[in-house]
There are 2 protein chains.
Amino acid sequence: MPCNVKAMPRTADPDVRRRLVERAARMLADREPVTLRSLVEGTGASTMAVYTHFGGMPGLWRAVRQEGFTRLHERLAAVPRTADPVHDVAALGVAYAANALDSPSLYRAMFDAVAELEDPAAADRGLAVLVAAASRAREEGRFSADADPAAVATRLWLAGHGLLSLVVQGVLPRDVVPEHSAETAVALLTAAGDDPAACRASVVRAWERAGTSRPRVRPRPGH
Amino acid sequence: MPCNVKAMPRTADPDVRRRLVERAARMLADREPVTLRSLVEGTGASTMAVYTHFGGMPGLWRAVRQEGFTRLHERLAAVPRTADPVHDVAALGVAYAANALDSPSLYRAMFDAVAELEDPAAADRGLAVLVAAASRAREEGRFSADADPAAVATRLWLAGHGLLSLVVQGVLPRDVVPEHSAETAVALLTAAGDDPAACRASVVRAWERAGTSRPRVRPRPGH
DNA sequence: GACATTACATGGCATTGCTATGCAATGCTT
DNA sequence: AAGCATTGCATAGCAATGCCATGTAATGTC
């Protein structure tokens with residue numbers, strides 16, 4: 001058989017895949033139960049569409065988690081770079097928290113089985129943004145020379161995830177996020193070698209800016 | 001109706017409640033799917049037992065989470081008190097991690113819907129043990145006077161939970177737990193006012209002791 | 001000893017995810 | 001251009017799940 005290139009019949013997949021994923025994310029945000037039949041109900045598609053595109057509901061959830069990590073990465077990548085690298089590290093934390101609080105159900109779904117992703121590197125890409133900011137902080141002399149930016153970034157992420165996963169579940173109220181995030185960030189970044197006063201100033205500035213400018217409920221443009 | 005005291009007929013509930021909860025915890029530990037019928041299969045009981053005792057599967061899960069937090073509290077309360085309060089704080093972290101890693105599925109179940117518990121105070125009791133240790137550290141002069149033991153303890157818990165929830169899901173390997181836990185604890189406790197060198201010594205000692213003495217798989221005595 | 005109250009066994013129901021089957025639409029081949 | 005293979009998907013039905021209506025037996029109270 002000289003050719004195992006497959007033909008591509010039928011409408012060649014318009015974008016029903018993405019529509020289903022986005023509908024699932026929307027239903028998650030609206031706290032509606034995402035079930036196979038309720039998912040395809042409005043779309044005009046049949047339940048089989050889920051199987052041809054995702055192989056089943058676990059595959060759909062994988063795609064939803066993937067979408068969640070993609071949005072997270074976009075949001076982190078959009079954080080502007082300023083002259084203060086420690087501020088930028090904290091600003092990434094602000095963006096991370098905002099992303100989680102804007103769509104809590106999606107955040108829960110993301111980490112419900114985070115070990116299973118279509119592209120496992122997608123989660124790493126988000127962390128890489130934070131690692132890069134931490135590396136810059138060390139290069140610019142804010143950290144001690146023997147500080148490990150990857151380790152510092154990981155610990156910031158771990159602490160932030162612990163906080164947000166509990167807030168998202170309603171165990172802790174949303175308003176504790178800024179203080180706990182800022183204080184933990186100051187502790188970890190100071191431990192990495194930054195000057196305590198300068199570190200606090202940088203971190204507090206990032207969180208203050210967030211509190212004033214970010215709207216309570218953020219509009220969903222084209223999504 | 002002068003008397004609304006109810007009669008108590010039938011075998012008066014031997015301990016089928018506890019047996020079901022423990023069987024569910026055991027099935028979780030064995031990674032067997034815990035379903036209504038598979039749960040009651042070996043016990044000789046019928047599916048209705050779950051409804052008379054728990055009102056349904058959500059009620060069973062509530063009871064399982066409750067059991068998880070009870071075991072956690074027992075484990076934390078069993079941590080011996082030494083002359084070094086900062087060491088004791090870290091030792092509580094060691095116990096917390098050991099509890100989670102000994103039964104990862106139970107840990108996942110506990111925080112799967114941690115907002116719904118039979119006795120919501122049970123979770124707080126575990127944290128209270130940590131708060132008490134932190135308070136002692138401040139009383140004995142290891143923290144600065146304006147440090148808030150409850151806030152410090154909460155941040156330690158948040159960071160630990162973030163780390164363990166990801167380890168338990170297989171995102172991070174188990175062997176990163178000691179280092180991340182210890183470093184984060186040192187950062188947070190130093191930020192609370194402890195002397196950096198003394199703090200590191202106390203924390204490292206707690207984690208070293210854990211690594212040498214704790215067996216890989218811990219036997220389950222009477223539980 | 002009769003009765004009320006409760007624990008539980010039985011069987012069936014709605015919903016869930018899933019899949020076997022059939023049909024129609026598309027691109028490749030000749 | 002006609003035939004054909006390949007694929008997307010609609011239909012219908014299956015196994016399993018949680019749940020509940022009903023009936024029954026056991027217990028404490030009067």
Side-chain angles (χ1 to χ4, degrees), chain A residues 1-25 27-28 30-65 105 108-109 112-113 116 118, chain B residues 1-25 27-28 30-65 105 108-109 112-113 116 118:
Chain A
M1 43 184 98
C3 170
N4 58 359
V5 176
K6 307 287 184 176
M8 216 180 89
R10 199 63 185 280
T11 57
D13 183 28
D15 54 351
V16 64
R17 239 192 98 99
R18 199 181 41 184
R19 280 212 333 242
L20 284 176
V21 170
E22 290 184 1
R23 175 166 168 83
M27 293 178 74
L28 274 178
D30 297 349
R31 296 183 177 277
E32 304 172 15
V34 179
T35 178
L36 174 63
R37 288 174 175 80
S38 72
L39 175 67
V40 301
E41 195 166 354
T43 68
S46 146
T47 62
M48 273 305 293
V50 175
Y51 287 84
T52 54
H53 288 286
F54 306 101
M57 286 301 282
L60 172 81
W61 288 116
R62 245 199 312 265
V64 168
R65 289 192 293 269
S105 301
R108 287 193 62 175
D112 199 58
E116 292 174 19
E118 296 174 347
Chain B
M1 44 185 98
C3 167
N4 57 359
V5 175
K6 306 289 183 176
M8 216 179 89
R10 200 62 187 277
T11 56
D13 184 28
D15 55 350
V16 63
R17 238 191 100 99
R18 199 181 40 182
R19 280 212 333 243
L20 284 176
V21 171
E22 290 184 2
R23 176 167 167 82
M27 294 178 75
L28 273 179
D30 297 349
R31 296 183 178 275
E32 302 172 17
V34 179
T35 178
L36 175 63
R37 288 174 175 80
S38 72
L39 175 67
V40 301
E41 194 165 354
T43 68
S46 146
T47 62
M48 275 305 292
V50 175
Y51 287 84
T52 54
H53 289 285
F54 307 101
M57 286 300 282
L60 172 80
W61 288 116
R62 246 198 312 265
V64 167
R65 290 192 292 270
S105 301
R108 288 192 61 177
D112 199 57
E116 293 175 19
E118 294 174 349

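Below, chain A is the first sequence line, B the second, and so on; all start at residue 1. The figures that follow rest on heavy atoms only: side chains count, while hydrogens, waters and symmetry mates do not.
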Query raised in the report: Can you tell me how far C1' of C:dT15 sits from CZ of B:Arg37, to the nearest Å?
Result: 12 Å
Query raised in the report: So does B:Thr52 get a side-chain nitrogen or oxygen closer than 4.0 Å to the phosphate oxygens (OP1/OP2) of C:dA7?
Result: no
Report task. With sequence neighbours left out, write down each residue that passes side-chain contact (heavy atoms from CB on, under 4.5 Å) with A:Thr43, or none if nothing qualifies. Result -> A:Arg19, A:Leu20, A:Arg23, A:Val40, A:Ala45
Report task. Answer whether the closest heavy-atom distance between the side chains of B:Leu60 and B:Leu39 falls below 4.5 Å. Result -> yes
Report task. Would you jot down, in residue-number order, the residues of residues 41-50 of chain B having a non-hydrogen atom under 4.0 Å from DNA chain D? Result -> B:Thr47, B:Met48
Report summary line: Looking only at heavy atoms, the pair that brings B:Ala109 and B:Leu28 closest together is CB-CD1, 3.8 Å
Query raised in the report: Using a cut-off of 4.0 Å on non-hydrogen atoms, how would the nucleic acid contact of A:Pro33 be classed: base, sugar-phosphate, or nothing?
Result: nothing
Report summary line: Rounded to whole Å, CG of B:Asp15 lies from C1' of C:dA7 at a distance of 14 Å
Query - For A:Arg18, all residues meeting side-chain hydrogen bond (donor to acceptor under 3.5 Å, both in side chains), sequence neighbours excluded - result: A:Asp15
**Report entry** Atom-pair distance (CG on A:Leu39; P on C:dT16), nearest Å
**Finding:** 12 Å
Requested in this report: Please answer whether the main-chain N or O of A:Thr47 pairs with a side-chain N or O of A:Arg37 as donor and acceptor at a distance below 3.5 Å.
Outcome: no
**Report entry** B:Glu118: partners by side-chain hydrogen bond (donor to acceptor under 3.5 Å, both in side chains), with sequence neighbours left out
**Finding:** B:Arg17
Query raised in the report: In whole angstroms, how far is the P atom of C:dA7 from the CG atom of B:Leu20?
Result: 14 Å
Query raised in the report: Roughly, in whole Å, what's the span from CE in B:Met57 to C1' in D:dC19?
Result: 11 Å
Query raised in the report: Through what angle, rounded to 10 degrees, does the axis of the helix from C:dG1-D:dC30 to C:dT30-D:dA1 turn between its ends, using five pairs per end?
Result: 0°
Report task. Could you check if a side-chain atom of B:Glu32 sits within less than 4.5 angstrom of a side-chain atom of B:Ser38, using non-hydrogen atoms only? Result -> no
Query raised in the report: To the nearest Å, how far apart are A:Arg19 CZ and D:dC9 C1'?
Result: 13 Å
Requested in this report: Take atom CG of B:Leu36 and atom C1' of C:dT10, then tell me their distance rounded to the nearest Å.
Outcome: 14 Å
Query raised in the report: Rounded to the nearest Å, what distance is computed from the CZ atom of residue A:Phe54 to the C1' atom of nucleotide D:dC9?
Result: 14 Å
Requested in this report: Would you indicate whether the side-chain heavy atoms of B:Val21 and B:Trp61 approach each other to under 4.5 Å?
Outcome: no
Query raised in the report: Mapping A:Gly55 and A:Ser38 onto DNA chain C by nearest heavy atom, which one lands closer to the 5' end?
Result: A:Ser38
Query raised in the report: Where is the tightest heavy-atom contact between B:Asp112 and A:Arg108, given as atom of each residue plus distance?
Result: O-NH2, 2.8 Å
